[in-house]
Amino acid sequence: MFDISKLSSRYQVRRMKDSDADDILTLCLRNTQYYQFCGKQPSKELILNDLHMTPPNTPTDVKYYVGFYDGDTLVAVMDLIEGYPDDEAVFIGFFMMNRQLQGKQIGTGIIQEVCRFVKESGMKSILLGIDKGNPQSTHFWKKNGFRVIREVAQEGGTILVAEKTL
């Protein structure tokens with residue numbers, strides 16, 4: 001199991017709980033561009049579901065839906081699944097920055113620290129999905145060293161599966 005406190009040296013990191021859903025929703029509602037491409041609108045119900053949802057046959061104790069905090073300010077949220085899709089990989093199911101802090105290299109700094117931690121934990125790669133056609137997300141993940149390895153058509157649109165080898 002990951003020691004999530006080591007995901008960042010700059011921010012306090014903690015698991016998000018159902019009681020944090022309103023704070024997560026506020027962060028998400030301010031990021032309208034993401035939701036234009038994913039085909040869903042943020043809601044408390046969606047967030048509560050995401051806090052607990054895991055891929056098939058994946059135990060809940062390897063899911064880390066975490067918040068990165070600077071004091072009382074929620075800087076970012078991340079859904080990280082250890083050992084998925086295989087034992088040497090980690091999957092980022094969701095990453096969302098505080099809109100007021102975007103464009104300041106803070107998100108890139110968080111991703112760099114997460115990658116370092118994941119590598120030091122013995123994992124070989126990080127995978128994630130990008131909504132095809134979302135220029136902001138595509139640019140961010142490519143800038144951070146992720147490369148698209150395939151496309152997956154699903155209900156609501158096409159997902160670009162991206163990977164970073166550590």
Side-chain angles (χ1 to χ4, degrees), residues 7-8 10-11 13 16 20-56 58 63-70 73-82 84-86 89-119 123-166:
L7 285 172
S8 178
R10 180 171 180 190
Y11 301 104
V13 181
M16 303 302 277
D20 296 312
D22 288 330
D23 291 338
I24 298 167
L25 179 60
T26 298
L27 183 136
C28 292
L29 285 170
R30 292 182 179 143
N31 283 278
T32 56
Q33 183 177 4
Y34 170 80
Y35 292 98
Q36 292 171 359
F37 291 96
C38 76
K40 302 181 245 182
Q41 288 303 311
S43 68
K44 189 170 182 177
E45 180 182 358
L46 179 65
I47 290 165
L48 289 169
N49 184 55
D50 286 351
L51 283 168
H52 303 284
M53 183 174 59
T54 60
T58 304
K63 177 187 175 74
Y64 306 89
Y65 198 114
V66 298
F68 293 80
Y69 284 87
D70 184 6
T73 301
L74 181 57
V75 173
V77 293
M78 177 182 285
D79 183 11
L80 190 70
I81 301 173
E82 178 185 2
Y84 182 83
D86 61 59
V90 167
F91 190 83
I92 296 176
F94 185 69
F95 180 68
M96 179 77 59
M97 281 291 303
N98 181 318
R99 180 78 179 115
Q100 295 173 319
L101 301 174
Q102 289 179 9
K104 300 178 181 182
Q105 300 300 309
I106 295 170
T108 291
I110 289 171
I111 296 304
Q112 289 172 346
E113 284 198 303
V114 167
C115 289
R116 175 198 46 76
F117 169 79
V118 169
K119 182 177 182 177
M123 298 296 184
K124 304 289 186 217
S125 64
I126 300 176
L127 290 99
L128 52 86
I130 304 167
D131 293 305
K132 185 175 183 178
N134 184 332
Q136 182 182 29
S137 293
T138 302
H139 172 76
F140 176 80
W141 291 113
K142 284 184 176 182
K143 175 181 82 168
N144 283 287
F146 287 79
R147 63 181 181 82
V148 174
I149 57 173
R150 68 180 172 275
E151 292 187 16
V152 177
Q154 66 178 26
E155 186 179 325
T158 301
I159 299 296
L160 305 174
V161 178
E163 178 179 40
K164 181 171 182 165
T165 302
L166 303 173

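These numbers were taken from a predicted model, which means no experiment stands behind them.
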Please find the pair of heavy atoms, one from [X] and one from [Y], that lie closest to each other, and give the distance.
{"X": "A76", "Y": "F95", "value": "CB-CE1, 3.9 Å"}
{"X": "M123", "Y": "V90", "value": "CG-CG2, 3.8 Å"}
{"X": "S8", "Y": "E113", "value": "OG-OE1, 2.8 Å"}
{"X": "L48", "Y": "A21", "value": "CD2-CB, 3.8 Å"}
{"X": "I130", "Y": "A162", "value": "CD1-CB, 4.0 Å"}
{"X": "V66", "Y": "V13", "value": "CB-CG1, 3.8 Å"}

Are side-chain heavy atoms of [X] and [Y] found at a separation under 4.5 Å?
{"X": "W141", "Y": "L128", "value": "yes"}
{"X": "N31", "Y": "C28", "value": "no"}
{"X": "I111", "Y": "K164", "value": "no"}
{"X": "Q154", "Y": "I159", "value": "yes"}
{"X": "M16", "Y": "L74", "value": "yes"}
{"X": "K119", "Y": "K124", "value": "no"}
{"X": "E163", "Y": "F146", "value": "no"}
{"X": "D131", "Y": "S137", "value": "no"}

How far does [atom1] of [X] sit from [atom2] of [Y], to the nearest 0.5 angstrom?
{"X": "D70", "Y": "L101", "atom1": "CG", "atom2": "CG", "result": "8.0 Å"}
{"X": "D50", "Y": "E45", "atom1": "CG", "atom2": "CD", "result": "10.5 Å"}
{"X": "I92", "Y": "L127", "atom1": "CD1", "atom2": "CG", "result": "9.5 Å"}
{"X": "K63", "Y": "H52", "atom1": "NZ", "atom2": "NE2", "result": "9.0 Å"}
{"X": "I24", "Y": "F94", "atom1": "CD1", "atom2": "CZ", "result": "8.5 Å"}
{"X": "T108", "Y": "F140", "atom1": "OG1", "atom2": "CZ", "result": "4.5 Å"}

Just one of L25, L27, V77 clears the side chain to side chain contact (heavy atoms under 4.5 Å, CB included) bar with I47, so which one?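 Filter result, single survivor: L25.
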
Could you go step by step and tell me if I110 and M97 meet the side chain to side chain contact (heavy atoms under 4.5 Å, CB included) rule? CA-CA 10 Å; I110 289 171; M97 281 291 303; 4.2 Å; yes

Main-chain N/O of T54 paired to T58 side chain as donor or acceptor, under 3.5 Å: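 Looks like no, no N/O pair under 3.5 Å.
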
Salt-bridge contact K132-E151 (side-chain N to carboxylate O under 4.0 Å):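 Salt bridge between K132 and E151, a charged N being under 4.0 Å from a carboxylate O: yes.
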
Test log, rule side chain to side chain contact (heavy atoms under 4.5 Å, CB included), inputs F91 and I126: CA-CA 6 Å; F91 190 83; I126 300 176; over 6 Å; no

R99, CZ: over 12 other non-hydrogen atoms inside 6.0 angstrom: no

Are there more than 12 heavy atoms of other residues, nucleotides or ligands under 6.0 Å from atom NZ of K142?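 Count not over threshold, so no.
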
Once ring pair (Phe, Tyr, Trp, His ring centres under 6.0 Å) is applied, do any residues pair with Y11, and if so which ones, sequence neighbours excluded?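 For Y11, no residue satisfies ring pair (Phe, Tyr, Trp, His ring centres under 6.0 Å) once neighbours in sequence are set aside.
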
With sequence neighbours excluded, tell me which residues meet ring pair (Phe, Tyr, Trp, His ring centres under 6.0 Å) with F68.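 Listed in chain order: nothing, the list is empty.
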
